[in-house]
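First listed ligand is number 1; within each ligand, the first listed atom is number 1. Note that the structure is predicted; figures quoted are calculated from it, not measured.
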Amino acid sequence: MTESHTRTFPPDFVWGSATASYQIEGGVREGGRTPSIWDTFSHTPGKVLAGDTGDVACDHYHRVTEDLDLMAGLGLNAYRFSVSWSRVQPTGRGPAVQSGLDFYRDLADGLLERGITPVLTLYHWDLPQELEDAGGWPERETALRFADYAHLVGEALGDRVQMWTTLNEPWCSSSLGYGSGVHAPGRTEPESVLRSAHHLNLGHGLATQALRSVLPAGGQVSITLNPAAVRPRSDSAADVNAARRIDALQNRIYTGPLLQGAYPEDLLQDTARVSDWSFVKDGDTRIIHQPLDSLGINYYCPTLVSATAPGKAATRNDGHGASAHSPWVACDDIEFHQYPGPLTEMGWSIDPTGLTELLMRFHREAPGLPLYITENGAAFDDKPDANGAVHDPDRISYVHGHLAAVHQAMEQGADVRGYFLWSLLDNFEWAYGYSKRFGMVHVDFDSLQRTPKSSAQWYSGVIKNGELPAQV
Ligand code: FCB
């Protein structure tokens, strides 16, 4: 991408990178950890490409010091990681185990010693299997369990971690986990999509209360969403209505109760033939509607939809894996389209304008709420050359374009405080296993050797200068 001018970011802009527990840790049977839904799912034949599992992943559990030094070498200001629930509270109930808490306490200390701010996510999709066996997120009880777990972790780590995120992308947990079934636990039950979305929202609200009761002054609580930048394929009334319905199911089902304290009327009507929403109890939306210190936004590509005849919608590969079941409730008359033009290795279109669009939307709809890009990045088929170096100009260009899009939104008034590149390391990309590489650091999954790619050097320069060069 060519731009005519250098873009300077504010001196206190947070430059980070992100990972998630199941995608990098390995060590799945150590320190008393019990299986999560992703252990079970990845060990179920046919669920993950090539039968890959997170048993070893990047072996981060045993290589924390090396990874911390890597981050320090790149000059990161912040590191967003997630806690494996069943590592600190095996089975999802009862007291925390010390070894689990110690692992994350040491990680936080290692970050602080290197001048890197720890940004902790409590839940990045790895529900303890025992809680799924008891019904999982479609059951209200899971939200109560989540609040207890938040309390335990908050109490143990609140003295060294200031930035807390309750959930990562609840849309994926509910719609891919219980709708299309391409993610753990792999259930395909339309009403469970809505029930789990509500209980994730409730879990967020209860966990926020729990965190606020234990965190010292200065503790900040956030949630990370993956809002869709959804666009109708034409301006026909039918296509515009299709976009409205998808916006309700991916965006407003979360932002409604979180930011406004109510589920949108149109969402309730659109989904009435699947559920009467009687699982929403009196007072729930008040619990969900807690003040937030910031909002995390994960963005990869925009969503393009059109209306079609009922039942005609093609089976959709939503970018996280193909399924005969839809993650979209009551939407068999809506079709999804791929944008023409450059695509990443995931088949996701490269279009930074969607990011500016989303940031401006939140700027308008949630005035005064600081925003962070908690994930943005791209998979490409990166391979070491004869000298072992890994050159990834496509990733540099992708990140360049998206950072410019963030900067544009900031110029128009959006209060964006930081950017976390997904991901630090190549890792276990859910249903795609190790076949998709998102890291700015290459991982050889046989030797587990880490090699910073050219994008890591480039990003490091951006961080050092606080400036996006005009050209990549
Ligand atoms: C997001 C997930 C993250 C990673 C990226 C590519 O939806 O939060 O774990 O898989 O997609």
**Message:** Below the 3.5 angstrom mark, is there an N/O of E429, backbone or side chain, next to an N/O of ligand 1?
**Reply:**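 Yes; the residue has a nitrogen or oxygen that sits under 3.5 Å from a nitrogen or oxygen of the ligand.
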
**Asked** Does W422, backbone or side chain, put an N or O under 3.5 Å from an N or O of ligand 1?
**Response**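 So ligand 1 has no N or O lying under 3.5 Å from an N or O of W422.
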
**Request:** Report the part of N226 in contact with ligand 1, treating N, CA, C, O as backbone and CB onward as side chain, heavy atoms under 4.0 Å; options are side chain, backbone, both, neither.
**Result:**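 Within the 4.0 Å criterion, N226 makes no contact with ligand 1.
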
**Asked** At under 4.0 Å between heavy atoms, which part of E375 makes contact with ligand 1: side chain, backbone, both or neither?
**Response**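 The part of E375 near ligand 1 is the side chain, not the backbone.
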
**Asked** Are R80 and E375 within salt-bridge range, i.e. N to O under 4.0 Å?
**Response**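 Here R80 pairs with E375 in a salt bridge, since their nearest N and O are under 4.0 Å apart.
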
**salt_bridge(R395, D382) N-O dist < 4.0 Å** =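 Here R395 pairs with D382 in a salt bridge, since their nearest N and O are under 4.0 Å apart.
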
Which of the ligand 1 atoms, numbered from 1, are nearer than 4.0 Å to a heavy atom of [X]:
{"X": "W430", "result": "3 (C), 4 (C), 9 (O), 10 (O)"}
{"X": "F438", "result": "6 (C)"}
{"X": "H124", "result": "2 (C), 3 (C), 8 (O), 9 (O)"}
{"X": "E169", "result": "1 (C), 2 (C), 7 (O), 8 (O)"}

**Item:** Under the side-chain contact (heavy atoms from CB on, under 4.5 Å) test, residues paired with L215 that sit two or more places apart
**Value:**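 Scan of L215 (side-chain contact (heavy atoms from CB on, under 4.5 Å), adjacent residues dropped) gives W164, L211, V221.
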
**Message:** Among residues at least two apart in sequence or on other chains, which ones pass side-chain contact (heavy atoms from CB on, under 4.5 Å) with H407?
**Reply:**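 side-chain contact (heavy atoms from CB on, under 4.5 Å) list for H407, sorted by chain: R7, F9, E411.
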
**Request:** Would you confirm whether the ring centroid of H402 sits within less than 6.0 angstrom of the ring centroid of Y419?
**Result:**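 Distance test on ring centres: not under 6.0 Å, no.
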
**Prompt:** F103 ring centre to R87 NZ or CZ under 6.0 Å, with the angle to the axis within 45°?
**Reply:**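 Judged by the rule (NZ or CZ under 6.0 Å from the ring centre, within 45° of its axis), R87 counts as positioned above F103.
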
